[in-house]
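Just so you know, these numbers come straight off a predicted model, no measurement behind them. Chain A is the first sequence line, chain B the second, and so forth, proteins listed ahead of strands; every chain is numbered from 1.
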Protein chains: 2
Amino acid sequence: METSMTMTIDHALGRKLERFARLSEEDHRALRRLREAPLREVEPRADLIAEGDEPAVVRLSESGWACRYKHLPNGRRQIVGLFVPGDFCDLNVYILRHLDHSIGAISKVRYYALPPHMIEELVHDRPRIGKALLWNELVQASIQREWLLTLGQRNARERLANLFVEMFHRVRSIGLAGDGKFEFPLTQTDLADTTGMTPVHTNRTIQELRQEGLIDMDRRHLGICDLAALSRLAMFNAGYLHLDREGETLDAAN
Amino acid sequence: METSMTMTIDHALGRKLERFARLSEEDHRALRRLREAPLREVEPRADLIAEGDEPAVVRLSESGWACRYKHLPNGRRQIVGLFVPGDFCDLNVYILRHLDHSIGAISKVRYYALPPHMIEELVHDRPRIGKALLWNELVQASIQREWLLTLGQRNARERLANLFVEMFHRVRSIGLAGDGKFEFPLTQTDLADTTGMTPVHTNRTIQELRQEGLIDMDRRHLGICDLAALSRLAMFNAGYLHLDREGETLDAAN
DNA sequence: CGTTAGATTGAGCGCTATCAATTTTTGTGG
DNA sequence: CCACAAAAATTGATAGCGCTCAATCTAACG
């Protein structure tokens, strides 16, 4: 919890990109220079950018959780992506003229508003970073595919279990969940909008998982009590997160 | 139907990319040169590439329909993407070492197996094509987000309606559905795996849409009888397909 | 210590799943 | 061109997972 407040960009982003390519000291210096961009802050529940806006900057999350979401005319909302520190909210989206979705803050979010040219120069000057960024985008796409699998084929318990295990891995990979317990600021309504269920059923399912000793969720914090059992229940397959670095092997917890 | 057989790469891909950037005659020549790559053919139901494989080539569909799908250990299958002629099945995926999903042929598929260097050179030599390709990828990601919205928040009728309208637009954009009727080779089981429903319920829902005069589906062909009503039912918002070209405006059929 | 957002509980319903059979279409060989 | 086999579509009956509505309880906050 307090660790999340000390998380800075070079930690989260650098650590994450290190997963994809070994970066030189010069690469890391270039990444740290991103911190020269203006740092903005949005309150929980506020939007970083709304559907229809013309995206003008690239947002690099520095602290806090955010989500990508879409609305239906009938008011229903679906969260289609989650961002933790070190994630780019819209690395490429600025290329499309109109955003087809919104990005909202879940907890208080601080992010760097990077002018597109800054990214373009970074990619041009430091090709290895460019490759890592592409890699990172491909992993995001992979996560989206797994979410489709979840919404289409997993039941309530499996949906929540899979989300919990995924976020555990993602948060741990930036160094914020070493002990299996971490900040998890989604409300049960947010969870419902993520898993395509109702808040009521989300609540009941969480209670089940809790009573079975799989998780421990309270006050915006999630504890993974039994990772193996939870992963089994979720039919979690670590492959889609592509956590292994190029050239290395990782025995999937699956 | 017979028109689909005469569809060649420069038509489908060129036409599609034209939506994103005005291409020069030289650009089009470069695109046509992609046809020098080996043309492969796979039978319906066969895989172009399976989960776990190391993708070595980029597949550019020339004719036929294919799908991207994932499996759960319990046997359930989710189709997470559809490909029509002119679509790249895996423009960038070859960068990740292991494919986290499979790509299967729905109808007989012919595709160009492009060595990665061919794409890299194309992007390098013809930056405008490179931009159009990036654009194309972003649209694919946008479609995935809409599918998440569908699976999370739309009911059975809305799911099918949205898929039908989307595919109508996509097929029409490559010139294969001018009259509102087009080849649609998904079986009802495929549709079920796409919409996250059972084949039985898919069947019953299709019958409803048929009886209400919205669609006409028979023998691997889909007719859109009432686009306006179908779009309304689906709460279809054309924006996510980004069909409008840079600098132009399109009054969304929505 | 109100005020309010979020979490929890209860009851009843309905959309979609499941199981199982039958009919129709498609494809193939005689 | 017909007969047969296999795939796909269709129908019927029943069950259940998750939704809806509505109330209550709890925690966060000024």
As a check of understanding: the bend across the helix from C:dC1-D:dG30 to C:dG30-D:dC1, end axes from five pairs, rounded to 10 degrees, works out to 50°

Between CG of A:L160 and C1' of D:dC17 the distance, given in whole Å, is 14 Å

Q) What is the nucleic acid contact for A:R210, judged by heavy atoms within less than 4.0 Å: base, sugar-phosphate only, or nothing? A) sugar-phosphate

Atom CE of B:M217 and atom P of C:dT25 are separated, to the nearest Å, by 14 Å

Can you give me the N/O atom pairs linking the protein to nucleotides 18-24 of chain C at distances under 3.5 Å, or say none if there are none?
| residue | atom | partner | partner atom | Å |
| --- | --- | --- | --- | --- |
| C:dT18 | OP1 | B:R76 | NH2 | 3.0 |

Practice problem: Applying salt bridge (Lys or Arg N to Asp or Glu O under 4.0 Å), run through B:D218 and B:K181 and close with a yes or a no. | Solution: CA-CA 11 Å; B:D218 191 36; B:K181 195 161 174 64; over 6 Å; no

Atom CG of A:L191 and atom P of D:dG18 are separated, to the nearest Å, by 15 Å

Picking from D:dC19, C:dT9, D:dT11, the nucleotide nearest the side-chain atoms of A:N203 would be C:dT9

Rounding to 0.5 Å, atoms CZ (B:F83) and CZ (B:R68) come to a distance of 3.5 Å

Shorter than 3.5 Å, N or O on both sides, protein versus nucleotides 23-27 of chain D: list them out with atom names.
none

Requested in this report: Mark yes or no for whether A:S107, through its side chain, and A:W65, through its backbone, hold a donor-acceptor pair below 3.5 Å.
Outcome: yes

I'd like to check B:L149 versus A:R77 (side-chain heavy atoms, cut-off strictly below 4.5 Å). Are they in contact?
no

- Can you check whether A:D193's main-chain N or O pairs, donor with acceptor, with A:Q78's side chain at less than 3.5 Å? yes

Sorted by chain and number, sequence neighbours left out, side chain to side chain donor-acceptor pair (under 3.5 Å) with A:Q140 holds for none

Please list every donor-acceptor pair under 3.5 Å in which a side-chain atom of residues 156-167 of chain A meets a protein atom from a residue at least two apart or in another chain.
| residue | atom | partner | partner atom | Å |
| --- | --- | --- | --- | --- |
| A:R157 | NE | A:E208 | OE1 | 2.7 |
| A:R157 | NH2 | A:E212 | OE1 | 2.5 |
| A:R157 | NH2 | A:E212 | OE2 | 2.3 |
| A:E158 | OE1 | A:N155 | N | 3.0 |
| A:R159 | NE | A:R154 | O | 2.7 |
| A:R159 | NH1 | A:T195 | O | 2.7 |
| A:R159 | NH2 | A:L151 | O | 3.1 |
| A:R159 | NH2 | A:R154 | O | 3.3 |
| A:N162 | OD1 | A:R154 | NH1 | 3.4 |
| A:E166 | OE1 | A:W147 | NE1 | 2.9 |
| A:E166 | OE1 | A:Y240 | OH | 2.8 |
| A:E166 | OE2 | A:W147 | NE1 | 3.3 |
| A:E166 | OE2 | A:R170 | NH1 | 3.0 |

- Any side-chain N or O of A:Q207 less than 4.0 Å from the OP1 or OP2 oxygen of C:dT9? yes

For the residue pair B:Y111 and B:D87, confirm or rule out a side-chain donor-acceptor distance under 3.5 Å. no

Report yes or no: does A:R110 contribute a side-chain atom to a donor-acceptor pair with the main-chain N or O of A:K108 at less than 3.5 Å? no

Whole-Å distance, A:R157 CZ to D:dG18 C1', equals 14 Å

Legend entry - Side chain to side chain, B:F236 and B:L241, heavy atoms closer than 4.5 Å: yes

Task: Side-chain donor-acceptor pair present, A:S142, B:D100, cut-off under 3.5 Å - done: yes

Between CZ of A:F184 and C1' of C:dA7 the distance, given in whole Å, is 15 Å

To the nearest angstrom, the CE-C1' distance between A:M197 and C:dT8 comes to 15 Å

Exactly one of B:L191, B:L209, B:L186, B:I224 clears side-chain contact (heavy atoms from CB on, under 4.5 Å) with B:M217, and that residue is B:L191

Separation of C:dG6 atom P from A:D218 atom CG, nearest Å, is 15 Å

Could you write out each protein N or O paired with an N or O of nucleotides 6-8 of chain D at a distance under 3.5 Å?
| residue | atom | partner | partner atom | Å |
| --- | --- | --- | --- | --- |
| D:dA8 | O3' | B:R220 | NH2 | 2.9 |

B:Q211 atom CD is separated from D:dT10 atom C1', nearest whole Å, by 12 Å

Test side chain to side chain donor-acceptor pair (under 3.5 Å) on B:H201 and B:R204; report intermediate values, then the result.
CA-CA 5 Å; B:H201 196 60; B:R204 291 184 167 124; 5.8 Å; no

NE2 (A:H221) and CD (A:E183) are apart, to the nearest 0.5 Å, by 5.5 Å

